[in-house]
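Read the structure below first, then the notes.
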Number of protein chains: 2
Amino acid sequence: MKNSIRLLRAEKGWSQAELADQVGVSRNSVNSIENGKFDPSLPLAFRIAHAFGLTVEEVFDKEDAFT
Amino acid sequence: MKNSIRLLRAEKGWSQAELADQVGVSRNSVNSIENGKFDPSLPLAFRIAHAFGLTVEEVFDKEDAFT
DNA sequence: AAGATTTGACAAGCTAGCTTTTCATTGCGA
DNA sequence: TCGCAATGAAAAGCTAGCTTGTCAAATCTT
C-alpha cells in the first residue's frame, strides 16, 4: 500500500529512527513500511498519521485496498 | 480497538456474512473484529469504512491506538 | 578525504490477522 | 413448534506484521 511517509518525514526533517521512536516501533518497521514491504497495522497507521498531524486517509493511499 | 461496525451494520440491515462478502473476508473475520478479538489490517479497515461510506477514523476508535 | 549519520536489506523468530471447519445458541417467520 | 438464518466461539493452520541483530552502501558534515 502506497503512502506519503517518506515525503512527510522529509518535510519534518525526521530520520526513520526518530519517527520510529515517536510511533513506538523499530526503525526497520518504518523502513519496511516506507518501502512498501508490508502495511502497518491499523493502530500503527493511526499513530503514524497522528505524528504528522494528519488522518490515515491523508497518509495512506486507500486505492490500494481495493485492487 | 473499538469500532462502530455492529451499529453501522444494523443501520444498513446487513448480516455479518453480507458485510464479509462486500469487503472480501470470511464471516468469522467480521465477527472477530466486531467482538474485538483482533484489529483489521489497514487495507481491510479501508474496505470496511468504504462499505459504510465513511472514513477509517469514523468507524474505528483511534484512541485505542495510543493507550 | 575521513568520520558519523542515515538508509536499505536480510535472517530468524514471535505474534497477530485471516482462513476453513465445525458446533451450540439464539431469534424469527411460516 | 419446526426449521432456518444469524451469531458466537473455538481449533488448527498459513501468512503478514513486527522484533532484534547485523552489515553494506549512501549521504551528510567538517
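Here is the naming used below: chain letters follow the sequence lines, and residue numbers restart at 1 for every chain.
- In this structure, of D:dT7, C:dT20, D:dT19, it is C:dT20 that holds the atom nearest to the side chain of B:Ser26.
- Per the geometry, CG belonging to A:Asn28 stands 12 Å off P belonging to C:dT7, to the nearest Å.
- Residues meeting the salt bridge (Lys or Arg N to Asp or Glu O under 4.0 Å) test with B:Glu34, sequence neighbours left out: B:Arg6, B:Arg9.
- Per the geometry, CG belonging to A:Asn31 stands 15 Å off C1' belonging to D:dT27, to the nearest Å.
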Evaluate side chain to side chain contact (heavy atoms under 4.5 Å, CB included) for A:Gln16 paired with A:Leu19, printing each intermediate quantity in order. CA-CA 5 Å; A:Gln16 291 181 346; A:Leu19 176 58; 5.9 Å; no
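- When the side-chain nitrogen and oxygen atoms of B:Arg6 are compared with OP1 and OP2 of D:dG8, one or more of them lie within a distance under 4.0 Å.
- Atom CG of A:Asn3 is separated from atom CD1 of A:Ile33 by 8.0 Å, given to the nearest 0.5 angstrom.
- Counting to the nearest Å, the P atom of D:dT27 and the CZ atom of A:Arg9 are 14 Å from each other.
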Using the side chain to side chain contact (heavy atoms under 4.5 Å, CB included) rule, take B:Val56 and A:Phe60 through it: C-alpha gap first, then chi angles, then the decisive distance, then the call. CA-CA 11 Å; B:Val56 169; A:Phe60 299 92; over 6 Å; no
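- Which of C:dC18, D:dT19, C:dC10 sits closest to the side chain of B:Ile33 comes down to C:dC18.
- Distance, B:Asp21 CG to C:dT20 P: 11 Å, rounded to whole Å.
- Remark: side-chain polar atoms of A:Asn31 are not paired, donor with acceptor, to backbone N or O of A:Arg27 under 3.5 angstrom.
- If you check C:dT19, D:dA9, C:dG8 against the side chain of B:Val25, the one that comes closest is C:dT19.
- Of the side-chain N and O atoms in A:Gln16, none sit less than 4.0 angstrom from OP1 or OP2 of C:dT5.
- Residues of residues 49-67 of chain A that place a heavy atom closer than 4.0 Å to DNA chain C do not occur.
- In this structure, CD1 of B:Ile5 is placed 18 Å from P of D:dA6, rounded to the nearest angstrom.
- Counting heavy atoms from C-beta outward, A:Asp39 and B:Pro43 have side chains that approach closer than 4.5 Å.
- At a threshold of 4.0 angstrom between heavy atoms, the contacts of A:Ser29 include nucleobase atoms, whether or not backbone atoms are also involved.
- Listed by residue number, the members of residues 34-46 of chain A with any heavy atom below 4.0 angstrom from DNA chain C are A:Asn35, A:Lys37.
- Using modelled atom types, no side-chain atom of A:Asp61 and backbone atom of A:Lys2 make a donor-acceptor pair closer than 3.5 Å.
- Annotation: side chain of B:Phe46 is in contact with side chain of A:Met1 (closest heavy-atom distance under 4.5 Å).
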Decide yes or no on side chain to side chain contact (heavy atoms under 4.5 Å, CB included) for B:Trp14 and B:Gln22, but give the supporting numbers first. CA-CA 10 Å; B:Trp14 296 338; B:Gln22 277 194 60; 3.4 Å; yes
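- Separating the CD1 atom of A:Ile48 from the P atom of D:dG17 is a distance of 12 Å, rounded to the nearest angstrom.
- Between the side chain of B:Arg27 and the base of D:dG8 there is at least one donor-acceptor pair of N/O atoms closer than 3.5 Å.
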